[in-house]
Amino acid sequence: MFVLQSSDKSTKARTGILKTAHGEIPTPVFMPVGTVGTVKGIMQRDLKDDIGAKIILGNTYHLYLRPGTEIVKKAGGLHNFISWHGPMLTDSGGFQVFSLAGNRKLTEEGAIFRSHIDGSRHIFTPENTIDIQRIFGADIIMAFDECAPFPCDYKYARKSMELTHKWLDRAVARFRETEPVWDYPQYLFPIVQGSTFGDLRKQSAEKIASVSMEGNAIGGLSVGEPEEEMYRMLEIVNDILPDDKPRYLMGVGTPVNILEAIERGVDMFDCVMPTRNGRNGMLFTGQGTVNIRNRKWIDDFSPIDPDGPSSVSLNYSKAYLRHLIISGEILGAQLASIHNLAFYIKLVTDARKNIESGNFKKWKDGMIKKLSDRL
RNA sequence: GGGGAGAUACCAAAGUGGCCAACUGGGGCAGACUGUAAAUCUGCUGGGAAUUCCCUUCGUAGGUUCGAAUCCUGCUCUCCCCA
């Protein structure tokens, strides 16, 4: 399922190909987030053609609540329902249980929570989140975990990690004893936890590696801890997670975070930043980040980004995009999202090229310098 | 021509003797956003020194008062109704 292609000499960065029933994914890869079955504001056609997305995410929590598992099943699975025929990954809902903190109750059995839509009570367990994700039919599905908050004390972090590990065994058991609902294989990724404690991270990575799934994920990071802590955890975890399986760093991050993580051996990323921040007027460009709402862009008729990660970046001006965003126009959110997503995808694509050509370290250092600028 | 209402900071609009440099909304300016309950949220928005300070402001010119955006008088302007 995963083929390692090349490795950087001076760092742990590498390239590979992730093979799924819906297509092959060159890594490193960035996966746009499509929580409720849509990458907000973006048509599937643009996602594929202009942005060049290779795989997108959906979310079990949101889709289970609305439209509901039965509807997705009736539609013939998530791919058919949302008219995206490339690879997909669904998150298990563990993060939602964490972010809906006020409304949840964790037990050994699973997480009891209330719907943010109508207040109704529901339970997620390691087993039913596998069942639901079998029905949704994403190519890659995630184990149900607990994402510990930051900061959290050692005792809580350990308990939370142990619960996640127990849940993992049950999820793997259910995964193994069930068949795909649709006629192609799915892969289950377990998730490393352990907060910012090195020994817990090590222990968790060993556990996760021991279940020998087709790929492994690293969760519970970029939840408020200092970036240096995140990098330190990545180094510990990636030393243990097998090299011949893809490593997925969940929810990360800024362009700089992504480059630092690639350097440490991470292959897959997802983050809401390019879309959410884009809607709110923040652009990522090859020259640095831009707050397009700032007055200084009012008469800047130059392209959004002359590096042109997408046609949108070249064909629309900063002044026009500023006008659209400030006016609250839908098109503004769409253009900013398309540009930012294309930027992210070009970033990881360029990383891949530079790893292949043996120039990664030098290229990365130069990029980080540029990315840190605020225009 | 007669009668009535009103003029408050960029706009709209509260405030009708001290707690008012003046509620609130909009606009403007800036910031935040990391497995999306987010086209959302936060701060600032008279000037200056820049933790409890000073100065100039509520159409305009005077007056009353210890003290006025708030009370009185003149003036200017706006709006509404009836002829």
Side-chain angles (χ1 to χ4, degrees), chain A residues 30-42 55-63 65-66 89-104 113-119 129 133 138 140-150 164 189-193 217-227 229-230 248-258 260-261 266 268-284 289-298 321-322 324-337 340 344 374:
Chain A
F30 178 80
M31 309 181 280
V33 179
T35 308
V36 302
T38 162
V39 177
K40 292 186 192 296
I42 315 286
I55 168 171
I56 65 171
L57 261 62
N59 186 278
T60 300
Y61 169 87
H62 291 279
L63 293 166
L65 289 179
R66 193 163 61 188
L89 180 154
T90 44
D91 188 17
S92 64
F95 185 78
Q96 278 58 46
V97 169
F98 153 77
S99 63
L100 271 47
N103 267 344
R104 60 145 187 208
F113 60 92
R114 288 186 175 277
S115 160
H116 70 280
I117 299 165
D118 62 7
T129 49
Q133 292 185 92
I140 300 169
I141 67 179
M142 303 302 298
F144 189 63
D145 65 334
E146 188 201 354
C147 181
F150 180 87
T164 291
F189 283 21
I191 304 170
V192 175
Q193 288 291 344
I218 306 159
L221 291 175
S222 71
V223 288
E225 79 284 1
E227 293 186 335
E229 286 287 280
M230 172 166 82
Y248 164 28
L249 176 56
M250 305 185 76
V252 173
T254 66
V256 170
N257 289 160
I258 287 174
E260 294 290 356
V266 175
M268 303 166 68
F269 302 89
D270 78 281
C271 190
V272 303
M273 226 179 218
T275 41
R276 179 190 290 168
N277 289 32
R279 289 195 302 278
N280 294 329
M282 181 175 179
L283 305 180
F284 299 95
T289 64
V290 169
N291 183 342
I292 199 67
R293 300 190 326 259
N294 288 173
R295 180 163 197 94
K296 60 186 163 190
W297 308 116
I298 196 165
L321 182 54
R322 175 182 192 272
L324 293 175
I325 294 275
I326 284 200
S327 304
E329 283 295 329
I330 296 167
L331 184 61
Q334 293 174 317
L335 296 182
S337 297
N340 278 348
Y344 265 65
R374 268 200 95 110

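Not measured: the values here are computed from a predicted model. Chain identifiers are assigned alphabetically (A, B, ...) following the order of the sequence lines, protein sequences preceding nucleic acid strands; residue numbering begins at 1 within each chain.
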Review point. Can you find an N or O donor on one side and an acceptor on the other, under 3.5 Å apart, linking the side chain of A:Thr275 with the base of B:rU36?
Key: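 Indeed, a donor on one side and an acceptor on the other fall under 3.5 Å apart.
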Review point. Should the heavy atoms of other residues, nucleotides or ligands under 6.0 Å from CD1 of A:Ile330 be counted, would the total exceed 12?
Key: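 Open.
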Below 3.5 Å between N/O atoms, which protein atoms pair up with nucleotides 41-47 of chain B? Just atom names and distances, please.
none

Point to revise | Separation of the P atoms in B:rU52 and B:rG25, to the nearest angstrom | key: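 To the nearest whole Å, 27 Å.
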Check your understanding: Mind checking the C1' distance from B:rA12 to B:rU60? Whole angstroms is fine.
Key ->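 It comes out at 23 Å once rounded to the nearest Å.
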Looking at every strand, decide which applies to [X] at a 4.0 Å heavy-atom threshold: base, sugar-phosphate, or nothing.
| X | answer |
| --- | --- |
| A:Asp91 | base |
| A:Ile325 | nothing |
| A:Gly220 | base |
| A:Gln334 | nothing |
| A:Glu225 | nothing |
| A:Ile330 | base |

Base partner of [N], which must satisfy Watson-Crick or wobble distances under 3.5 Å:
| N | result |
| --- | --- |
| B:rU64 | none |
| B:rC79 | B:rG4 |
| B:rA38 | none |
| B:rC10 | B:rG26 |

Under 4.0 Å from OP1 or OP2 of [N]: is there any side-chain N or O of [X] that close?
| X | N | value |
| --- | --- | --- |
| A:Asn291 | B:rG31 | yes |
| A:Gln96 | B:rG35 | no |
| A:Ser222 | B:rU34 | no |
| A:Arg276 | B:rU34 | yes |
| A:Ser99 | B:rA37 | yes |
| A:Asn277 | B:rU34 | no |
| A:Arg279 | B:rA32 | no |
| A:Asn59 | B:rA37 | no |

**Study point:** Pairwise side-chain contact, A:Ile298 with A:Arg322, heavy-atom cut-off 4.5 Å (strictly under)
**Key:**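 A:Ile298 reaches A:Arg322 side chain to side chain.
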**Study point:** Parallel, tilted or perpendicular, as decided by the 30° and 60° cut-offs, for the rings of A:Tyr61 and A:Phe113
**Key:**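 Ring orientation, 0 to 90° scale: tilted.
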Return the set of residues passing side-chain hydrogen bond (donor to acceptor under 3.5 Å, both in side chains) with [X] (not counting sequence neighbours), or none when no residue passes.
| X | result |
| --- | --- |
| A:Ser92 | none |
| A:Tyr344 | none |
| A:Ser222 | none |
| A:Gln334 | none |

Point to revise | Contacts of type salt bridge (Lys or Arg N to Asp or Glu O under 4.0 Å), residue A:Glu229, not counting sequence neighbours | key: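 With sequence neighbours excluded, A:Glu229 shows a salt bridge (Lys or Arg N to Asp or Glu O under 4.0 Å) to A:Arg232, given in chain and number order.
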